[in-house]
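Below, read A as the first sequence line, B as the second, and so on, with proteins coming before strands; counting in each chain starts at 1.
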2 protein chains.
Amino acid sequence: MKQSSLCPKFEKGMQLLGKRWTGLILYQLLSGPQRFCALEGALPVSGRLLSERLKDLEKEGLVHRQVFTDSAPVRVEYSLTEMGKALTPVLKGIESWSQSWIELNADEMANDSEE
Amino acid sequence: MKQSSLCPKFEKGMQLLGKRWTGLILYQLLSGPQRFCALEGALPVSGRLLSERLKDLEKEGLVHRQVFTDSAPVRVEYSLTEMGKALTPVLKGIESWSQSWIELNADEMANDSEE
DNA sequence: TATACTTACTAACGAAAAGTAACTTTGTTA
DNA sequence: TAACAAAGTTACTTTTCGTTAGTAAGTATA
């Protein structure tokens, strides 16, 4: 792998956010702690990758994983840490940029209203 | 592929920025129009992928490609369009978030100072 | 008691994307 | 004429993804 002249922190940050689903998972968690199945239902990501990403995000300190053993079937809730919450303006920024600039083509429009 | 309840524009925006290298390429272009080889030199990305990404970004309207046939070997310059420039605060936001929150581990520190 | 069901995952496998190296084309300089 | 540079492209290997199926623990249902 080639060496870049970029700040390694920035590069690592981009590498994190530049992974498929990471941004959407974090965005989804902005609305509060959520269970695994809730995230799975809200995003078009498979359980396999969701699990993988959440593990990564937990390791990197963006997401907190809490298991509730008291309730019926074990409940696992994921939430943003301070580090994760600090990304709020970035995620919101991407959201509003998308609203302003992204155009959907026919395929994407169709996809949007079916299944 | 499952269907999400997300805004399709936001989803598409995230899909764009959530592709490897896209963010770094756009960030690099914040400092002004640049040639292919300049980007290739500045980022740890291979020519193959750089070419692919630039083509995508041009198609999506974030990047403008201009060929200068006048000068010695053909010169190709890439620059941000208005749509691309509109991402400035997002990219800067990721940069400062990274500065504040990202920690490098030993491997990454080592990697940083060699080659 | 047996069965079916739920949550939160994990394993296996084919398909798509990424990384690497070599090659092409046009023109330039030694 | 040989070697070099820019801007890619091709071919090939390795990683990552997406899909489907399966697991463990516990619950409700018959």
Using atom [atom1] of [X] as one end and atom [atom2] of [N] as the other, report the distance to the nearest whole Å.
X	N	atom1	atom2	value
B:Arg53	D:dT9	CZ	C1'	16 Å
B:Gln34	D:dA7	CD	C1'	15 Å
B:Ile25	C:dA18	CD1	P	11 Å
A:Lys19	D:dG18	NZ	P	12 Å
B:Leu24	C:dG19	CG	P	11 Å
B:Lys55	D:dG8	NZ	P	8 Å
B:Asp56	C:dA18	CG	C1'	13 Å
B:Leu39	D:dG8	CG	P	10 Å

Looking only at the side chain of [X] (C-beta and beyond, no hydrogens), which of the listed nucleotides [options] gets closest?
X	options	value
A:Val76	C:dA18, C:dC9, D:dA7	C:dC9
A:Arg65	D:dA7, C:dT20, C:dC9	C:dC9
A:Cys37	C:dA18, C:dT7, C:dT20	C:dT7
A:Arg35	C:dT7, D:dT19, C:dG19	C:dT7

Contact under 4.0 Å: [X] side-chain N or O vs [N] OP1/OP2:
X	N	value
B:Trp21	C:dG19	yes
B:Tyr78	D:dA6	no
A:Ser51	C:dT10	yes

Step-by-step side-chain contact (heavy atoms from CB on, under 4.5 Å) determination, A:Arg53 to A:Val45 = CA-CA 10 Å; A:Arg53 285 295 176 275; A:Val45 64; over 6 Å; no
message = Please compare A:Phe36 and B:Glu52 by the position of their nearest nucleotide in DNA chain C and report the one closer to 5'.
response =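 On the 5' side of the pair lies A:Phe36.
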Gap separating the CG atom of A:Leu62 from the CG atom of A:Leu57, nearest 0.5 angstrom =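 One gets 5.5 Å once the value is rounded to the nearest 0.5 Å.
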query = How many angstroms lie between atom NZ of B:Lys19 and atom CZ of A:Arg20, to the nearest 0.5 angstrom?
reply = 7.0 Å
inquiry  = Salt bridge check, A:Glu11 against A:Lys9: does any charged N sit closer than 4.0 Å to a carboxylate O?
reply    =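 No salt bridge links A:Lys9 with A:Glu11.
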query = Would you say the side chain of B:Arg48 and the base of C:dG19 hold a donor-acceptor pair, judged only by whether the two atoms sit under 3.5 Å apart?
reply =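 Side chain to base: pair found, below 3.5 Å.
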message = Tell me whether the count of non-hydrogen atoms from other residues, nucleotides or ligands lying under 6.0 Å of CD in A:Gln99 goes above 12.
response =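 Counting other residues, nucleotides and ligands, CD of A:Gln99 exceeds 12 neighbours.
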ask   = Looking across every strand, which nucleic acid part, if any, lies under 4.0 Å from B:Arg20 by heavy atom: base, sugar-phosphate, or nothing?
value =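 Sugar-phosphate: the residue B:Arg20, judged by heavy atoms under 4.0 Å, touches backbone atoms but no base.
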